[in-house]
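Scope of the values below: all heavy atoms of this structure, side chains included, with no hydrogens, waters or symmetry mates.
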Amino acid sequence: MIGQSLGSVYLSWEALSKFTPQFYFDTSGYAFTYPLARMFGCKVICYTHYPTISSDMVSRVWKRSSMYNNDALIAKSVWLSRCKVIYYTLFSWMYGFVGSCAHLVMVNSSWTQSHIEKLWKIPERTKKVYPPCDTAGLQELPLEMSNRNHNFISVAQFRPEKAHTLQLEAFAVALSKVDADSPSLKLQFVGSCRNKEDEDRLQKLKDKAVDLNIENNVEFYKNLMYRDLVRLLGGAIAGLHSMVDEHFGISVVEYMAAGAIPIAHNSAGPKMDIVLDEDGCQTGFLASDADEYANAILQLLKMPERQRLDMATAARRRASKFSEERFYEDFKNAIHPILSVS
């Protein structure tokens, strides 16, 4: 991470040497370039999607928890784990210093805000601006069950952090507990593959479905056209999300706008910003492990249609709070003070 960060500084120096703007606006997370931009006389503004390092990352290494961002080889070794903690601690200090050089920081969620304020220590210059979610078309989909099947949809790239295997395991548990005369259930995975590793991961998911003996209840859609995604969302009763500490979670907002009840991971963006009660009405479910996801699936299946409609309606209202119009308004309010004094 330090090497990449120093590389970004060199790239920024090349650009600033050729043209020095009044405002230096970063949306890619190159915080190490901020001190340099200030030296060139720029006002530094950034929109930060997630911190490059966080206390959660350090904690997982300290606890020697194996995850997609903490290799099992390191997690098994006390010595390597301690070395990585020292490296992360050093990087955290450096990241905190360079980040504090920003004149204005916009963050995309409460989770990101809490970490950035802890690291950069400039809460008075940190504003929360939710990302723009264009869900106008999804908001038009019918909510009634007559237009939907007992399908559960999962929309995410086939990347390791998306934890698709957890969804398969939870769905298998739910299937084992449904009544024999229940309607046929389907779990539909929709996502893209960036490279061969993602392709291999997708194949492993297909193999896992066979191992769990649920292959006839699972469908995989790779690199789907948007109009086909909308069709699947409109036919789903619920949407699954299982990434730990996802900073926001646009797919969860899309589920809610489309009328698919979200069953999301009980952490970060979905927990703190999205799957919250709307006008006193529940908008979805939060879960952490296979049993909790399975229980949410079963609870939704047993829910009376009127209650499900009320929840879907509340979820749709909640999703409208993350519109493009809301983003434009919050964005303008955030940058207005720094523009007015320039």
Sort out for me which residue in Asp277, Asp279, Asp310 forms a salt bridge (charged side-chain N to carboxylate O under 4.0 Å, His left out) with Arg317. Asp279
Output yes when Asp200 and Lys204 qualify as a salt bridge under the 4.0 Å nitrogen-oxygen rule, no when they do not. no
Residues 249-261 vs side-chain hydrogen bond (donor to acceptor under 3.5 Å, both in side chains), sequence neighbours excluded, gives none
Rounded to the nearest 0.5 Å, what separation is found between the CD1 atom of Ile237 and the NE2 atom of His150? 5.0 Å
Taking every non-hydrogen atom, the tightest pair across Ile297 and Ala174: CG2-CB, 3.8 Å
Per the ring pair (Phe, Tyr, Trp, His ring centres under 6.0 Å) rule, what does the pair list look like for residues 263-299, sequence neighbours excluded? none
Reference residue Phe248; test ring-ring contact (aromatic ring centres under 6.0 Å, His included); the match among Trp111, Tyr50, Phe322: Phe322
Do the side chains of Glu199 and Lys196 get close enough for a salt bridge, i.e. N-O under 4.0 angstrom? no
Does the pair Glu117 and Thr126 meet the rule for a side-chain hydrogen bond (donor to acceptor under 3.5 Å, both in side chains), with working shown? CA-CA 7 Å; Glu117 288 182 350; Thr126 304; 4.8 Å; no
Atom NZ in Lys206, atom CG in Leu168: separation rounded to 0.5 Å? 12.0 Å
Testing the basics here: between Leu104 and Lys127, what is the closest heavy-atom pair and its distance to 0.1 Å? CD1-CG, 3.9 Å
Nearest heavy atoms of Thr283 and Leu276, plus distance in Å: OG1-O, 2.8 Å
Can you list the steps and then say if Arg308 with Glu305 is a salt bridge (charged side-chain N to carboxylate O under 4.0 Å, His left out)? CA-CA 5 Å; Arg308 188 198 67 81; Glu305 175 62 3; 3.0 Å; yes
Can you name the ring pair (Phe, Tyr, Trp, His ring centres under 6.0 Å) partners of His164, sequence neighbours left out? Phe158, Phe189
Determine the sole option in His241, Gln157, Glu246 for which the side-chain hydrogen bond (donor to acceptor under 3.5 Å, both in side chains) test with Lys162 is passed. Glu246
Kindly compute the distance separating OH (Tyr24) from OH (Tyr34), expressed to the nearest 0.5 Å. 7.5 Å
What do you reckon, is OH of Tyr221 surrounded by more than 12 foreign heavy atoms closer than 6.0 Å? yes
In this structure, would Ile116 and Phe97 fall into the same cluster of hydrophobic residues linked by side-chain contacts under 4.5 Å? yes
Can you tell me how far apart CD (Gln307) and SG (Cys281) are? Round to the nearest 0.5 Å. 10.0 Å
Inspect the surroundings of OH in Tyr30 and state if more than 12 heavy atoms from other residues, nucleotides or ligands are less than 6.0 Å away. no
Side chains of Asn295 and Gln299, donor plus acceptor under 3.5 Å: no
Restricting to non-hydrogen atoms, name the atom on Ala314 and the atom on Gln282 that form the minimum distance, rounded to 0.1 Å. CB-O, 4.0 Å
Shared hydrophobic cluster for Val178 and Leu240 (ILVMFWY, side-chain gaps under 4.5 Å): yes
Should we count CZ of Arg227 as having more than 12 external heavy atoms under 6.0 Å? no
Ring centres under 6.0 Å, that's the criterion: do Tyr95 and Trp120 meet it? yes
Test side-chain contact (heavy atoms from CB on, under 4.5 Å) applied to Leu185 and Leu301, step by step: CA-CA 10 Å; Leu185 306 182; Leu301 291 173; 3.6 Å; yes
Quick one: pull up CG in Leu229 and CD in Gln188 and give me the separation to the nearest 0.5 Å. 10.5 Å
Could you check whether Tyr130 and Asp330, counting side-chain N and O atoms only, form a donor-acceptor pair closer than 3.5 Å? no
Rounded to the nearest 0.5 angstrom, the NZ-CG distance for Lys332 and Leu339 is 12.0 Å
Charged N to carboxylate O below 4.0 Å: is that the case for Asp211 and Lys208? no
Looking only at heavy atoms, which two atoms of Ile274 and Gly249 are closest? And how far apart? CD1-O, 3.4 Å
